[in-house]
Structure formats: C-alpha cells, structure tokens
Amino acid sequence: MAEETSTKVPEPAPATEAVAVETVAVAVATEAPPPPAPVAEDPKKPPAEEAPPAPGAEEKKPEGEKAAVPESGSFKEESNVVGDLQDPEKKALDEIKQLVQAALANNEFTPPPPPPPPPAAPAPAEEPKAEEPAAPPAKSEPEEPPKPAEPEEPPKPAVAEEPAASAKVETPPPPPPAEEKAVVVEEDGAKTVEAIEETVVPVVPPATEEVTPAAEPEKEAPAEAAAAAPEEEVFIWGVPLVGDEKSDTILLKFLRARDFKAKDAMTMIKNAVIWRKQFGIDALLEEDLGLPELEKVVFMHGYDKEGHPVCYNVYGEFQNKELYDKAFGDEEKRQRFLKWRIQYLEKGIRSQLDFTPGGISSMVQVTDLRNSPKLGKHRQATKQALTMLQDNYPEFIAKKVFINVPWWYLAFNRMISPFFTQRTKSKFVFAGPSKSAETLFKYIAPEQVPVQYGGLSKDNDPDFTTSDAVAEVTIKPSFKQTVEIPVTEQPCLVVWELRVLGWEVSYGAEFVPNAEDGYTVIVQKTRKLAATEEPVVKASFKVSEPGKVVLIVDNPTSKKKKLLYRSKAKSSTGSI
C-alpha cells in the first residue's frame, strides 16, 4: 500500500491545480520561478508518469478505462450536482462511495501506529544470545537421543550426522510438531528463532501443546477486536465522507483531482484523512499561534462576480526584515508559519465555502508578486506547504490571478504555457503592473477590490460598502468625460467618490439646478491629479433644490483611462 501511495501522489496533477494555487500562496511567489507549482501539473495531463511532454501525453491519455471520463470542454467551474454529471462520472462517484463504505467498515482511516523505535532497542540485546547457541547445538543433540531407543542403532547416527535436521524431522512424526520446531531452532541458531523460543516455548516438550493454543488466541484476538470495534465516522472540513448531502461535493473534489479514477481518488482520501489526524487539524483550529502580523500577508476580502470568496497573498510584506525573521528565522518559526497557513486555510474553507450541491465550494486566489523577497530561509517551508496542499486540498481554486508580475515571469510563463492543459490555463491568469487592476476587474467587481489593488473597497468606510455598486467608464485619449448624478429628493446630502487608474487627469465638480433661472454652483474647482495623489477622491454637497451633480474628468494624455465612481444621497434620517 505504501508503494501505491508514493507513486500515485506525484502522478496526478489535478491536485496541483488546486495546490499550485495554494503553493504560490504560501511562498512560491517569492521564488524567481514560481511556475514550478504549475509545472507539476504537466505529469497530470498524462494518466501515466511516463510522458513529460504534455501535448503528446494528452493524446495518449484516453487509454483503456482511464480515458472513460473526457476532459471538460468548457472552462467553467464544474457542477457538484450529481444530476449534471456525465455517466462515467456518476459511475466513478458510485464506485468511490462503495470504497469509502468498505474502508470505514474496516477502520482503514486510522493512522498507523509508530512502533519503529521500540523494536530497535531489543535488537542489540538479541545479538549476544546468537553466539551462545553456536556451541550448544552439539550438546543439545545428545540430550534428546536418550528419550527414544532408536538412536542406539549404530549405522543411523553415522550417516545422519550431516543431515541432522532432516533425520530429526522424520523421526518424531508421532509426537507434536513442536519438537521439530525446537530442534530446528537450536540447530539454526538464528536470533529471531531464539527470541521466539524464549517468549513462546518454555523448554519442556509439552510446550508444543501450549504453543498451539497460545498462537490461536493471538490470531483470534485481533479478529474479535476488529469485529467488536464500531464503524468509524470520518469528517473532512466538517463534512462526513458519507451520509450527508454535502458528501458528494467532497468526493467529487478528490475524483476530479485524480481524473475520476476511483481507486486513485480513494488512496488520496485515505492519505488526506490520516494526514489530518496526524497533523492535528481539529486542535489546530483552536490554537493561538501568536502571528497577528501575518494578516497583512494573507487575508480574505470580498467575492468575485460568481460569488467565490477572494483570498489575497501579499508576499512583498516580507520585505520587512523583522516580520520575515519572525516567520522564517529558524526551523521552529518556519513550522509555526506553516501551521498558521494551514490554520488560516482551514478556517477560510469552513467559514466561506458551501459544500451543498450547487453551492460555492472553491475560492479565488490573488497573488501579488510586487517586491516579493528572493529565495531564503522560507524555501523549506514552501516545499512542505506545496506537498501538503497538493495532497490534501484538491480542487479548491476557481481562479488563480497573479498581479504585478515582473517581465521575466511573463516571458517564462509564455515559454512553458504550451505544456499546460487547457483546464489549467483557464484557471491561471498573469498580469503585469500596468494591467493588474483591469485584470482583477474582469473577475472581481471594483466595489469588491481593495483600494490598494485599484478598487474602491475600504474597511470601516462610513459611507459606502461592498453592496454599493461601482460604475466603470473608459475615458478616451485627449477627451473630457462628464458624469451626471441626478438629485430628485431634497434637502439631502449627496456623497460620491471616484478614482482614475493612474490619474494624470484634471478633475472638477459642479451642481446644476433644474430651474431655468438657477445658478450653477462650483463644488470642486478643476485641479490636476498626479499619479502620486490619493487613490480615491471623496466629496459631498448639500442640495436644497432639484438638480444634478456633474463630475468632469479631463484626460489630456494619449492613453485610455479607467474611471470608477459611485454616489449616494443621504437625507436627515439616513441613506436613500
């Protein structure tokens, strides 16, 4: 069984899709070539380990039963509703359910006991005993002949001196075979056999009768214990493997990670459950690791346009030497950081994801590569995290977006891109510094994106929340863009905020009343906003008559600009 595990773990890369994701989230982003995580998926493409070239391997993939489930033609997230599955997928799901039931009945999810150290101690004590039996064999032989009268015949001892073992085995057929074992033990002089003699056979021949019943209960005891032991109930992320409507979603994650090969997926589930018990996941959830500073490194914020929670990984924070040393200063600190990362992921899965059929059961990962530290003490923690996440957290990534990616990374990615499966390519997105915000907006609405990444979402904002939608406008080069905010109720306070990505524009605001004899009021004099200005401009104006607030943004540059804005009218009793 151990061999199967060792060979199959690296073989499938679907897990790597979910993990490459998480791996870079741990620290791979800091490496010069973070793609190693995605590269691990190359072997996934072929079901066999043999083909490094992904393209050819993909063609060979449909061999025999392994090709029963074709790759998804669409690149949307697969459904967890059983009715939406293809027939081969349903068959694989039914098969793994049976395998899980059998494993639960046999208590196969129990971690193996660690008995290697104990046997090592008695071994040296047995070695000196082996030297003593080397001389006694001759003495032990004369002790036995006195019992039977047969050895008195002269010819037999002379001929039987060399093949003593065979002669002795033939002579005592009538008595119990225990005597044969005793004689063989003495003649062989083997350490292991002697140990058995001391523990099982006293010295007297009748011991043979005692040995047999003694051996029988030993064999029966485990059988009785297994029969008496109750069937184990196994949970992953708070969901039982069987018997719950959410169970299918969990099983489908492992099946997709192994191309719907039920046996391979079953091996992965067993290993994951055992790892969770050995790692102490349940206790880890309640543990205080004392690393609040890392909340700036990894944090959850908002949702994408499809409802997936978004996790940001900001490794540029490790430029702070004090923080870096606290996380990776020595082996103990690296292990604590690793536990913290697993703890944060576990809490996010349990609080943010929904494993019911049709629910959101994966997340979006955004990894910021700006100012990421180079390889250092964290390298070992990165490798350990890669293995853990790859093997134990399959299919948890709906999209992986790398932002502020350096030019060499983009070039390297283009070079290795042909080796990725289409499914993997659809999950991974790379954007340089100038395109990072716009790339995020393709998947995440601006009101859900933090201010530091180009959006308008801020913590503890008294005026706007993520439920207040943001409008997007593209300003053409050398063009003056106006935005009108109608005001129908008065008196009220109109509040608005806007930002232009990259700024380098002029901005002004005025109030225009509906009355023909009304006067336009200058709310904000036109002023130039440089790239170094505050990312978001917020203003307000108290309105006492019907009219509209007009925002004016002039783009004098030769490049298109992205304008984001939203507004709200507040009365004396609250927001409208």
Side-chain angles (χ1 to χ4, degrees), residues 301-305 310 403 431 433-490 492-513 520-543 546-571 575-576:
H301 190 104
Y303 300 85
D304 76 343
K305 294 178 179 179
V310 182
I403 59 175
S434 63
K435 298 292 183 181
S436 291
E438 291 186 40
T439 300
L440 286 177
F441 296 157
K442 292 180 181 178
Y443 310 102
I444 310 169
E447 63 267 21
Q448 297 283 350
V449 176
V451 170
Q452 62 266 39
Y453 292 115
L456 293 182
S457 180
K458 301 181 293 296
D459 293 330
N460 304 319
D461 189 332
D463 299 311
F464 298 97
T465 67
T466 54
S467 62
D468 297 313
V470 173
E472 300 180 53
V473 177
T474 299
I475 307 177
K476 299 177 182 179
S478 304
F479 184 78
K480 182 179 290 188
Q481 181 73 47
T482 60
V483 175
E484 297 183 355
I485 304 173
V487 181
T488 57
E489 296 187 19
Q490 65 282 329
C492 67
L493 181 69
V494 179
V495 182
W496 67 89
E497 64 180 2
L498 79 159
R499 76 178 299 174
V500 176
L501 300 181
W503 288 116
E504 299 296 344
V505 298
S506 295
Y507 158 72
E510 58 187 25
F511 173 73
V512 180
T520 298
V521 179
I522 302 299
V523 177
Q524 171 64 59
K525 290 183 179 180
T526 301
R527 65 188 182 96
K528 293 182 179 180
L529 295 175
T532 55
E533 295 285 342
E534 287 293 323
V536 179
V537 171
K538 180 183 283 190
S540 62
F541 180 71
K542 189 174 182 179
V543 179
K548 58 186 177 181
V549 174
V550 180
L551 310 180
I552 305 164
V553 180
D554 184 9
N555 176 20
T557 69
S558 58
K559 297 181 180 180
K560 294 187 297 182
K561 297 287 183 177
K562 177 73 72 173
L563 166 65
L564 308 174
Y565 71 93
R566 59 182 170 180
S567 63
K568 178 181 291 187
K570 292 184 175 182
S571 65
S575 61
I576 299 177

Colleague: For the residue pair Val523 and Phe511, what are the closest heavy atoms and their distance?
Modeller: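 Answer, listing the atom of Val523 first, then Phe511: CG2-N, 3.7 Å.
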
Colleague: Taking side chain to side chain donor-acceptor pair (under 3.5 Å) as the cut-off, I'd like each qualifying pair that reaches into residues 437-450, sequence neighbours left out, listed once.
Modeller: none

Colleague: Okay, side chain of Lys305, backbone of Phe441: is any donor-acceptor separation there less than 3.5 Å?
Modeller: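 Here the side-chain-to-backbone pair exists.
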
Colleague: Atom NE2 in His301, atom OG in Ser457: separation rounded to 0.5 Å?
Modeller: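 OG of Ser457 is found 2.5 Å from NE2 of His301.
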
Colleague: Once ring-ring contact (aromatic ring centres under 6.0 Å, His included) is applied, what residue pairs with a partner in residues 450-469 remain, sequence neighbours excluded?
Modeller: Tyr312-Tyr453

Colleague: Can you tell me how far apart CG (Asp304) and CG (Leu440) are? Round to the nearest 0.5 Å.
Modeller: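 These two atoms lie 11.0 Å from each other.
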
Colleague: Does a side-chain heavy-atom distance below 4.5 Å link Val483 with Val553?
Modeller: no

Colleague: What pair of heavy atoms forms the shortest contact from Val473 to Tyr565, and how long is it?
Modeller: CG2-CE2, 3.8 Å

Colleague: Are any side-chain N or O atoms of Lys568 and backbone N or O atoms of Asp463, one a donor and one an acceptor, separated by less than 3.5 Å?
Modeller: yes

Colleague: I need the minimum non-hydrogen distance between Gly455 and Val536, along with the two atoms involved.
Modeller: O-CG2, 4.4 Å

Colleague: Would you say Val521 and Glu510 make side-chain contact, with heavy atoms under 4.5 Å?
Modeller: no

Colleague: Is any side-chain heavy atom of Phe541 closer than 4.5 Å to a side-chain heavy atom of Val487?
Modeller: no

Colleague: In Å and rounded to the nearest 0.5 Å, what is the CG to CZ distance from Asp554 to Phe479?
Modeller: 9.5 Å

Colleague: Could you walk me through whether Val451 and Arg499 pass the side chain to side chain contact (heavy atoms under 4.5 Å, CB included) test, one step at a time?
Modeller: CA-CA 10 Å; Val451 170; Arg499 76 178 299 174; 3.9 Å; yes

Colleague: Under the side chain to side chain donor-acceptor pair (under 3.5 Å) rule, what pairs show up with a residue in residues 522-531, not counting sequence neighbours?
Modeller: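 Sorted result for residues 522-531: empty, none.
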
Colleague: Before giving the answer on side chain to side chain contact (heavy atoms under 4.5 Å, CB included), spell out for Lys480 and Ile552 the whole-Å C-alpha distance, their side-chain angles and the decisive distance to 0.1 Å.
Modeller: CA-CA 7 Å; Lys480 182 179 290 188; Ile552 305 164; 3.7 Å; yes

Colleague: Rounded to the nearest 0.5 Å, how far does OG of Ser436 lie from CG of Leu501?
Modeller: 10.5 Å

Colleague: Hey, does Ser571 have a side-chain heavy atom less than 4.5 Å from the side chain of Glu489?
Modeller: no

Colleague: Taking the side chain as every heavy atom from C-beta outward, state whether Leu563 and Lys561 have any pair of such atoms under 4.5 Å apart.
Modeller: no

Colleague: Would you indicate whether the side-chain heavy atoms of Val505 and Gln481 approach each other to under 4.5 Å?
Modeller: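 No, side chains not in contact.
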
Colleague: How long is the straight-line distance from CG of Asp461 back to NZ of Lys538, given to the nearest 0.5 Å?
Modeller: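 Taking NZ in Lys538 and CG in Asp461, the distance rounds to 3.5 Å.
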
Colleague: Below 4.5 Å, heavy atoms only, C-beta onward: do Cys492 and Lys570 meet side chain to side chain?
Modeller: no

Colleague: Hey, does the side chain of Trp503 reach the backbone of Glu534 with a donor-acceptor pair shorter than 3.5 angstrom?
Modeller: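 Such a contact is found between Trp503 side chain and Glu534 backbone.
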
Colleague: Between Pro477 and Asn555, which heavy-atom pair has the shortest distance, and what is it?
Modeller: CA-ND2, 3.6 Å

Colleague: Applying side chain to side chain contact (heavy atoms under 4.5 Å, CB included) to Ile485 and Val494, what does each step give before you reach the verdict?
Modeller: CA-CA 9 Å; Ile485 304 173; Val494 179; 4.3 Å; yes

Colleague: Roughly how far apart are Arg566 CZ and Leu498 CG, rounded to 0.5 Å?
Modeller: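 Reported value, rounded in 0.5 Å steps: 11.5 Å.
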
